[in-house]
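Before any comments, here is the structure.
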Amino acid sequence: MENELKTDLLEWCRSQGISLVGVADARRWENPPFQPWMPPEFYPRSIFPETESVIVIGLPVLLPIIETTPSIYYHEHYNTLNRLLDQFTYLIAERLNACGYPSVPIPRDGYGSIDVLREKPLAFFSHRHAAFLAGLGTFGMNNMILTPRYGPRVRFSSVFTAAPLPPDPLLQEDLCTRCRKCVEMCPSGALPDEMYPAGLTRKRACTDYSADLHRKYISPCGACIMVCPVGRDRDHFNRDARDLSLPEGKESPRGRARSHVQAYGGKSTSGEE
Ligand code: SF4
Ligand code: SF4
């Protein structure tokens, strides 16, 4: 029965164009795979006690768009992905509710504004840890989940359900190469030199930089996911993993395109409209 339910769910997700789907048993949160782990109040069953399984979906951030960051282009793309994630997780939860399994979607972001995030830089639930526990990827030095298909260029969201779905195995291969490109490219110095979880993002530095971009209508930053060489999307878009010097490459066709996009739709770095 649960196998059929999962097959039906995966088929529906495929029909909707949802690129990544994974399932984690809710008990996985109670057996931390590494330390430091999160406090129990962040576990799915603390938020929705009926939870048996957590379904995690992921939509890719398209590489040529994030290569223009910071820009109105990436800003709008990010918002589009967020809207789609919220719609898909709502529809998944409702499909499961209709089958008799109490289910709820979790919003892809859990904060009201960047100012709130500055005061308390956490959401009530971590989709990154859920994606890890659903076997979709592994953590990188940029503190993000790296996936085989898209590297860290994925937005995740989750559904808590009382359906005891067959869980997916954790990804065994550590995808991060420790190349440190993300650390070197971070404009706010927010990324540590150590591998996650020993090295944690300096969230205040990242949030302050995002707040500055937000005032110019061109947040978020995302440089640390743009430069990561992991992901088959680089081959798909014919992006050489060694060619990551895009911001300085203004003489190349891609560099000129980036400069053009950045000149419109948001306040410039000099503060002009
Ligand atoms: S989003 Fe930007 S500022 Fe934040 S950690 Fe990544 S590169 Fe640094
Ligand atoms: S850029 Fe390099 S160090 Fe950073 S997450 Fe990707 S593979 Fe790891």
Side-chain angles (χ1 to χ4, degrees), residues 34 58 60-61 63 65-75 77-79 81-82 108-109 111 113-118 121-123 126-129 131-132 136-156 171-235 237 239-248 258 262 266 269:
F34 52 77
V61 174
L63 187 53
I65 299 180
I66 198 173
E67 281 176 349
T68 68
T69 191
S71 70
I72 195 73
Y73 198 7
Y74 177 48
H75 172 87
H77 185 51
Y78 186 87
N79 288 340
L81 294 177
N82 284 346
R108 83 290 176 193
D109 278 334
Y111 57 91
S113 72
I114 288 184
D115 285 340
V116 174
L117 210 53
R118 273 169 149 167
L122 285 177
S126 168
H127 297 294
R128 288 177 304 136
H129 289 80
F132 174 81
L136 292 176
T138 56
F139 280 93
M141 282 189 85
N142 55 9
N143 285 211
M144 304 300 284
I145 290 293
L146 275 53
T147 65
R149 276 173 78 178
Y150 309 109
R153 291 168 291 281
V154 183
R155 298 276 301 145
F156 294 108
L171 200 65
Q172 294 304 315
E173 186 189 359
D174 179 2
L175 296 177
C176 180
T177 65
R178 276 69 163 171
C179 69
R180 295 186 68 262
K181 289 286 181 193
C182 53
V183 179
E184 289 163 11
M185 286 292 289
C186 176
S188 70
L191 290 178
D193 243 331
E194 276 184 285
M195 185 62 191
Y196 183 90
L200 292 173
T201 304
R202 295 171 198 102
K203 289 191 176 171
R204 182 64 195 236
C206 176
T207 308
D208 284 349
Y209 184 69
S210 285
D212 187 41
L213 296 181
H214 187 70
R215 281 190 289 274
K216 296 167 185 160
Y217 310 109
I218 50 174
S219 61
C221 162
C224 53
I225 67 170
M226 172 186 73
V227 296
C228 183
V230 177
R232 295 197 295 276
D233 56 343
R234 288 209 171 274
D235 297 333
F237 286 112
R239 260 52 174 184
D240 191 324
R242 290 167 301 180
D243 181 19
L244 298 170
S245 56
L246 191 59
E248 284 71 45
R258 183 175 192 264
Q262 287 187 338
T269 47

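Counting starts at 1 for both ligands and their atoms, following the listed order.
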Considering only protein heavy atoms, which is closest to atom 2 (Fe) of ligand 2, and at what distance to one decimal place?
Cys179 SG, 2.3 Å

Interfacing atoms of ligand 2 (cut-off 4.0 Å, heavy-atom, Cys182)
1 (S), 3 (S), 4 (Fe), 5 (S)

With under 30° as parallel and over 60° as perpendicular, where do the rings of His129 and Phe34 fit, or are they tilted in between?
tilted

Atom 1 (S) of ligand 1 - nearest protein heavy atom and its distance
Gly222 N, 3.5 Å

Is atom 4 (Fe) of ligand 2 less than 2.8 Å from at least one N/O/S atom of Cys228?
no

When rounded to the nearest 0.5 Å, the distance separating CZ of Arg155 from NE2 of His127 is 8.5 Å

For Cys176 and Met195, work out which heavy atoms get closest and say how close.
CB-CE, 3.8 Å

Evaluating non-hydrogen atoms only, which member of Cys224, Cys186, Pro152 is closest to atom 6 (Fe) of ligand 1?
Cys224

Look at Cys221 and state whether any of its N, O or S atoms is less than 2.8 Å from atom 4 (Fe) of ligand 1.
no

List ligand 2 atoms under 4.0 Å from Arg180, heavy atoms only on the residue side.
2 (Fe), 3 (S)

Check the angle between the aromatic planes of His77 and Tyr74 and answer parallel, tilted or perpendicular using the 30° and 60° thresholds.
tilted

Tell me whether ligand 2 is touched by Val227 - counting only heavy atoms on the residue side and a distance under 4.0 Å.
no

At a 4.0 Å threshold, what atoms of ligand 2 neighbour a non-hydrogen atom of Asn142?
5 (S)

